[in-house]
Asker: 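Next up is a structure, given as structure tokens.
Here is how names work: the chains are called A, B, and so on, in the same order as the sequence lines, proteins then strands, and each is numbered from 1. Below, each value reflects all heavy atoms present in this structure, side chains not excepted, and no hydrogens, waters or symmetry copies.
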Number of protein chains: 2
Amino acid sequence: MSTERQQEIIDVSLDIISTKGIQGLTIKNLAKRIGISEPAIYRHYDNKISILLAILDYFKTSGELLFGNLDSLATSPLKKIEAIFQGYFNAFRQNPSLVTVIFSEEIFRNEPMLQQKITDIMDKNSAVIKSLVAEGQAKGEIKSDIESKYLTLIIIGSLRMMVKKWQMGDKAFNHREEVENIFKTLEQLIKVNA
Amino acid sequence: MSTERQQEIIDVSLDIISTKGIQGLTIKNLAKRIGISEPAIYRHYDNKISILLAILDYFKTSGELLFGNLDSLATSPLKKIEAIFQGYFNAFRQNPSLVTVIFSEEIFRNEPMLQQKITDIMDKNSAVIKSLVAEGQAKGEIKSDIESKYLTLIIIGSLRMMVKKWQMGDKAFNHREEVENIFKTLEQLIKVNA
DNA sequence: TGGAAGTTAGTAAATATTTACTAACTTTGC
DNA sequence: GCAAAGTTAGTAAATATTTACTAACTTCCA
């Protein structure tokens, strides 16, 4: 488990990232914002990478929690996919920095541990959605004349694009309504018509 | 127009980016690879940002060229969208560093000029595809019961996701075949059935 | 009273950029 | 036609700043 100060470091880090970007997250900024000296940070985390790893863990755990609760949120595969859309979007609204982190792969390029963790998270997401798509196809809810692999790519790509547009500060982006509309469009395209 | 040395700087920069990432592009690396001193670089470009701007310009121009030739490549709106898919993918295959640059927005975050140029490029892409979608709908080729805005988001999201997967070195990714399959899937979803 | 959490004062390395200068061309005015 | 003046492209050396991180000392509280 993490101590109070460790949690504070993560919280403040997320806040810095959301305003100044990942590159704005320096030990100096972090220490200043918390109100302690730079070396004091190292009493709680070995190095900067450990802090970023903790942030990614936080994100990973949120995702796993969402996946775990899926059965209680919806019954049909399509509704479950929609619940994932909404779930992620809520998480991003509460912590906009998570979006920044997720789109920061290029910055992590020369840090294998970070790179690996991001890849893990993305692979897990893909796998969950792909199995939901396959289940929906088996149940006759989702069109079966399409490989689940490609459908999954289209779904995840749409989700990411939506988040990206929202992040880019598209002022014409009305959260709840847009998420619903985009998902409805996707649903309209892939579901089997009655 | 750009001088020979300026072009060389851009070419070598692209090469460095494709192997070491944008963060590997330092004036030192660049100068070493070309075989001149660091300050000599500044004889040709004011600063590092100017070099990155030139790279983005190169990318922007490629896109505009593609958009300009669209009429000669295909006739129907759907085929034109497919030509854009293929065109971008070819550009990325020839210059993998372009993908890195396109997904490096986070790195450009505190450089308004770079940020602006990236936004411009994305907006231009969106506008072109959106107008093609609308045209396809008007001609009865693309489903009309869906707002072109959302359809565009799904198309661009799919394209980006495809490129991202390819970039992540998905070894199971067979360029030509996959691009075609993904586009076929998309087509199957959005086109009006005869 | 001893260890956890803090401070002060640094270091080493990286990085973009500036300064002062030179050699080799090119242009221009008499 | 040719020398003076200017330009281009380079160098070596130094600078300013940022960054992650460390060593050694101090405070404080259970």
Asker: Could you state the atom-to-atom distance from CG of Asn47(B) to C1' of dA16(D) in whole Å?
Answerer: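 It is 16 Å, rounded to the nearest whole Å.
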
Asker: I need the CD-P distance between Glu38(B) and dA14(C), as an integer number of Å.
Answerer: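 Taking CD of Glu38(B) and P of dA14(C), I get 12 Å after rounding.
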
Asker: Round to a whole Å and report the spacing from CD of Gln23(A) to P of dA14(C).
Answerer: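 Gln23(A) atom CD is separated from dA14(C) atom P by 18 Å.
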
Asker: Looking at dT19(D), dT11(D), dT7(C), which one has an atom nearest to any side-chain atom of Lys28(A)?
Answerer: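 Between dT19(D), dT11(D), dT7(C), the one nearest the side chain of Lys28(A) would be dT19(D).
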
Asker: Between Glu8(A) (CD) and dA5(C) (P), how many Å, whole number?
Answerer: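 Distance check: Glu8(A) CD to dA5(C) P gives 13 Å.
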
Asker: To the nearest angstrom, how far is Ile22(B) atom CD1 from dA16(C) atom P?
Answerer: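 Value for this atom pair: 12 Å.
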
Asker: Which nucleotide sits closest to the side chain of Ala40(B): dT22(D), dG10(D), dA16(C)?
Answerer: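 Minimum distance to the Ala40(B) side chain belongs to dG10(D).
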
Asker: Check every atom of dG10(D), dA16(C), dA20(D) against the side chain of Thr26(A) and return the nucleotide holding the closest atom.
Answerer: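 The answer is dA20(D).
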
Asker: Give the nucleotide from the list dT11(D), dC21(D), dT7(C) with an atom nearest to the side chain of Lys48(A).
Answerer: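 Nucleotide nearest to Lys48(A)'s side chain: dC21(D).
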
Asker: I want to confirm an ordering. Mapping His44(A) and Arg43(B) to their closest nucleotides on DNA chain C, which one lands closer to the 5' end?
Answerer: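 Its nearest nucleotide being more 5', the pick is His44(A).
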
Asker: Any donor-acceptor pair under 3.5 Å linking the side chain of Ser144(A) with the backbone of Gly140(A)?
Answerer: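 It does not hold such a pair.
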
Asker: Could you give the CD1-to-P distance, from Ile41(B) to dT11(D), as a whole number of Å?
Answerer: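 Atom CD1 in Ile41(B) sits about 9 Å away from atom P in dT11(D).
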
Asker: In terms of the angle between their ring planes, are Phe59(A) and Phe92(A) parallel, tilted or perpendicular, with boundaries placed at 30° and 60°?
Answerer: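 Answer is parallel, since the angle falls under 30°.
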
Asker: Without hydrogens or angle criteria, can the side chains of Gln94(B) and Asn90(B) be said to hold a donor-acceptor pair below 3.5 Å?
Answerer: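 No.
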
Asker: Does Pro39(B) or Thr3(B) map to a spot on DNA chain D nearer the 5' end, using the closest nucleotide for each?
Answerer: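 So the residue in question is Thr3(B).
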
Asker: Would Ser76(A) and Glu141(A) count as having a side-chain donor-acceptor pair, cut-off 3.5 Å?
Answerer: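 Glu141(A) and Ser76(A) do have a side-chain donor-acceptor pair below 3.5 Å.
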
Asker: Could you go through Thr100(A) and Gln167(A), starting from their C-alpha distance and side-chain angles, then the distance that decides it, and tell me whether this counts as side-chain contact (heavy atoms from CB on, under 4.5 Å)?
Answerer: CA-CA 8 Å; Thr100(A) 305; Gln167(A) 183 203 31; 3.8 Å; yes

Asker: When the distance from CD1 of Ile107(A) to C1' of dT19(D) is rounded to whole Å, what number comes out?
Answerer: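 Rounded to whole Å, this separation is 15 Å.
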
Asker: Using atom CD1 of Ile27(B) as one end and atom P of dA16(C) as the other, report the distance to the nearest whole Å.
Answerer: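 Distance check: Ile27(B) CD1 to dA16(C) P gives 6 Å.
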
Asker: Look at the side chain of Tyr42(A) and decide which nucleotide, out of dT22(D), dG10(D), dA16(C), has an atom nearest to it.
Answerer: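 The closest nucleotide is dT22(D).
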
